[in-house]
Each structure stands twice: as C-alpha cells, then as structure tokens.
Amino acid sequence: MELYVDIADIDVIKEIAQYFPIDGFTTNPKIFTQAKQSVSVLMAEYKKYADENGAKVFVQVTGSTATEMFEQAKMLQSYFGAQFVVKIPAVKEGYRAVRLCKQAGIPVAVTVVHSMMQALVAAKAGADYVAPYVSHIDNMGADGVGCVAEMVTAFRNGGYPCKVIGASFRTVDQIKNLAVCGCQAVTIAPALFDALIAHPATAESVKGFDKVWSETFGDKQVSDLLPK
Ligand code: G3P
C-alpha cells in the first residue's frame, strides 16, 4: 500500500518521513491555505525533497475549465518532473482535462471523489489514481470504506490499472479496512500517523522489558554484553 502524508508544510513531511516509510505527499487548495510558508517557497522545497528522495508530489489544479486545468498541469509537471501527479477534481471539466493530461503523458489523480461511478469514469478516462474522500462519504450517511471496496473490485474486474488513494480519514480503523479491501494507497493527515503504530499492549510490554533488564543488568545495554 502506498503511503502519503496529506499536508503542505515541508518540515512536517520531513519529520514524518524520519519515522514512517512514506511514498510522498498530497496537497490541495485548502491545505495550502493552512500552510506556514508561502506556496512558492513550498513548491521549491517540494521539488528539492522529491528529487532527493524519489517522493511523489501531488498538487491540485485550481482552474475551472479543462483548458485551464490542462495548462496548469503542464506547467506543474514541467517544474516538478517525473515525481509529479496532478490532482484534478471529479467535475465535468475535470474529466475532459484528465484525457488531455493523459495524452500529454501527465500522471493524474482524480480527486474529491464521492461515488463509485465518478471513480469508474475516471479510471476509464485513464486516471492513474482516484481519491475518494472516505470521511465525507461516511458523513453523508453512506459507507466510505464500502465505496472504496467497490472501486477496488470494479477496477480489478474491469482490468483498469487505476489505483485508489483513499483520503479524508478520522480513524485508523478506516485506514485498516481500506488496506484489508485492497486499496492501493492512502493519504493521511499528520495527526493520524502516530496512531497507526500505537498500541497500549506494546507500550506496556516494552516497559516490562526495560524494568526487568535494568533490575538485572543496571545501565548496561545489550551491546555492552558482547564478548570482548
Ligand atoms: O486529501 C483530502 C483531504 O485533505 C480532505 O480533508 O479534512 O476534508 O477530510 P478533510
């Protein structure tokens, strides 16, 4: 499963990358409005980080027509290069822009997806990813995880190479259920990363190890006990 962090702040991306095997990061217009640094400074930082780490960079277009979206996608790809994936919203003009981008060799993620059919038409149009907003779907009284499972099944049965990158999570359980149903990627807000690996039983057991070790060996570490 590909793992992305959903944030604009490059310092947060680098911090999370120290602990978690992320494949890159995703942004969107709202996320940029919450960033500490200017967008142009962040774009330069993204390019440097992506070039040095082979991380994928997802940036969403802000145009409203297919032509505007396509022109922006070309400029973004020209700047970021091979690591770039353009995010295009699942609106009618966006579907036209998807095909223009694919004809131009620009990888595409169709985003702000809330239904199976939005995802299917995107896959048929050649999208490399579709990004369903799982919690938004849940909040509308539908089943976000179930919707993603349908997308994964439909893409597999239809022979579409399109990947589902789940987005908009409130719980680790949502992410777990996506992994179980074969979702190929997720993008997660920074606040959820620690919760991915936290478990009270693990913390308790490690605390127990430390206690009995120090009671027996004091401050010595295991490497101190190697044969001289
Ligand atoms: O990547 C999509 C994500 O940023 C949506 O966030 O907070 O609306 O669930 P949110």
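The first residue in the sequence is number 1, and the count goes up from there.
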Next item on the list: Return the minimal non-hydrogen interatomic distance between Trp213 and Lys220, and the atom names on each side.
Entry: NE1-O, 2.7 Å

Next item on the list: Just grab all the salt bridge (charged side-chain N to carboxylate O under 4.0 Å, His left out) pairs involving residues 60-87, residues at least two apart or on different chains.
Entry: Glu71-Lys74

Margin query: I'd like to know if Val186 and Met151 are part of one continuous hydrophobic network [Ile/Leu/Val/Met/Phe/Trp/Tyr, side-chain heavy atoms within less than 4.5 Å].
Written below: yes

Checklist line | Contacts of type salt bridge (Lys or Arg N to Asp or Glu O under 4.0 Å), residue Asp138, not counting sequence neighbours | finding: none

Next item on the list: Provide the closest heavy-atom pair for Thr62 versus Pro29 in the form atom of the first, atom of the second, distance.
Entry: CG2-CG, 4.2 Å

Checklist line | Non-hydrogen side-chain atoms of Gln77 and Val86 separated by less than 4.5 Å | finding: no

Under 3.5 Å, side-chain donor or acceptor atoms of residues 120-129 against the rest of the protein: list the pairs with distances, not counting sequence neighbours.
| from | atom 1 | to | atom 2 | distance (Å) |
| --- | --- | --- | --- | --- |
| Asp128 | OD1 | Lys102 | NZ | 3.2 |
| Asp128 | OD2 | Lys102 | NZ | 2.8 |
| Asp128 | OD2 | Val108 | N | 2.8 |
| Tyr129 | OH | Glu2 | OE1 | 2.6 |
| Tyr129 | OH | Glu2 | OE2 | 3.4 |
| Tyr129 | OH | Lys56 | NZ | 2.6 |

Checklist line | Co-membership, hydrophobic cluster, residues Ile106 and Leu76, 4.5 Å side-chain | finding: yes

Check: Under a single-linkage rule joining Ile, Leu, Val, Met, Phe, Trp and Tyr whose side-chain heavy atoms are separated by less than 4.5 Å, which residues share a cluster with Phe209?
Finding: none

Margin query: Run the salt bridge (Lys or Arg N to Asp or Glu O under 4.0 Å) test against Asp51 and tell me which residues pass, sequence neighbours left out.
Written below: Lys47

Notebook entry, point to check: Could you state the interatomic distance from SG (Cys162) to CZ (Arg156), rounded to the nearest 0.5 Å?
Noted result: 14.0 Å

Margin query: Quick check on the hydrophobic clustering: are Val130 and Val112 connected, directly or via other members, by side-chain heavy-atom contacts under 4.5 Å?
Written below: no

Notebook entry, point to check: Got a second to check how far Asp9's CG is from Leu42's CG, nearest 0.5 Å?
Noted result: 6.5 Å

Note to self: On a heavy-atom basis, which atom in Tyr4 and which in Ala185 lie closest, and how many Å separate them?
What the structure shows: CE1-CB, 4.1 Å

Margin query: Restricting to ring-ring contact (aromatic ring centres under 6.0 Å, His included), what partner residues turn up for Tyr79, sequence neighbours left out?
Written below: none

Margin query: Taking the side chain as everything from C-beta on, heavy atoms only, tell me whether Tyr49 gets closer than 4.5 Å to Val57.
Written below: no

Item checked: Pair listing, ring-ring contact (aromatic ring centres under 6.0 Å, His included) test, anchored in residues 98-127, at least two apart -> His114-Tyr133, His114-His136

Check: Any chain of hydrophobic side-chain contacts (each under 4.5 Å) joining Val59 to Ile10?
Finding: yes

Notebook entry, point to check: Among all residues two or more places apart in sequence or in another chain, which pass the side-chain hydrogen bond (donor to acceptor under 3.5 Å, both in side chains) test with Lys211?
Noted result: Glu215

Item checked: Euclidean distance, Ile7 CD1 relative to Gln34 CD, rounded to 0.5 Å -> 7.0 Å

Next item on the list: List the atom of Phe32, the atom of Ala8, and the distance in Å for their closest heavy-atom pair.
Entry: CD2-CB, 4.0 Å

Check: For Tyr160, what residues pass the ring-ring contact (aromatic ring centres under 6.0 Å, His included) criterion, not counting sequence neighbours?
Finding: none

Notebook entry, point to check: Heavy atoms, side chains only, cut-off 4.5 Å: are Cys101 and Phe70 in contact?
Noted result: yes

Notebook entry, point to check: Any sub-3.5 Å donor-acceptor pair from Asn177's side-chain atoms to Gln174's backbone N or O?
Noted result: no

Donor-acceptor pairs are to be reported for all side-chain atoms of residues 13-26 against protein atoms at under 3.5 Å, with residues two or more places apart or in another chain.
| from | atom 1 | to | atom 2 | distance (Å) |
| --- | --- | --- | --- | --- |
| Asp23 | OD2 | Leu3 | N | 2.7 |
| Thr26 | OG1 | Asp6 | OD1 | 2.5 |
| Thr26 | OG1 | Thr187 | OG1 | 2.6 |

Next item on the list: Determine the minimum heavy-atom distance between Gln83 and Gly54, stating which atoms define it.
Entry: NE2-O, 2.7 Å

Next item on the list: Might you point out which heavy atoms bring Val113 and Ile137 nearest each other, and give the distance in Å?
Entry: O-CD1, 4.2 Å

Notebook entry, point to check: Quick one: are Pro89 and Val61 in side-chain contact, heavy atoms under 4.5 Å?
Noted result: yes

Margin query: I'd like to check Arg170 versus Ser168 (side-chain heavy atoms, cut-off strictly below 4.5 Å). Are they in contact?
Written below: yes

Checklist line | Hydrophobic cluster of Val180, others only, ordered by chain and residue number, side-chain cut-off 4.5 Å | finding: none

Check: How far apart are the C-alpha atoms of Met1 and Cys183, what are their side-chain angles, what is the distance that settles it, and do they pass the side-chain contact (heavy atoms from CB on, under 4.5 Å) test?
Finding: CA-CA 7 Å; Met1 178 183 247; Cys183 184; 4.1 Å; yes

Check: According to the salt bridge (charged side-chain N to carboxylate O under 4.0 Å, His left out) rule, which pairs have a member within residues 106-118, sequence neighbours left out?
Finding: none

Note to self: I want to check something: taking the side chain as every heavy atom from C-beta on, are Lys207 and Asp210 in contact at a cut-off of under 4.5 Å?
What the structure shows: no

Note to self: Can a donor-acceptor pair be found, under 3.5 Å and without considering hydrogens, that links the side chain of Tyr95 to the backbone of Val110?
What the structure shows: no

Margin query: Membership question, hydrophobic clusters at under 4.5 Å side-chain separation (ILVMFWY): are Leu196 and Leu178 in the same one?
Written below: yes

Notebook entry, point to check: Thr33 side chain to Lys30 main-chain N or O, any donor-acceptor pair under 3.5 Å?
Noted result: yes

Checklist line | Side chains of Ile175 and Ile188 in contact at under 4.5 Å (non-hydrogen atoms) | finding: yes

Next item on the list: Output the distance between atom CD (Gln60) and atom CD1 (Ile31), rounded to the nearest 0.5 Å.
Entry: 9.0 Å

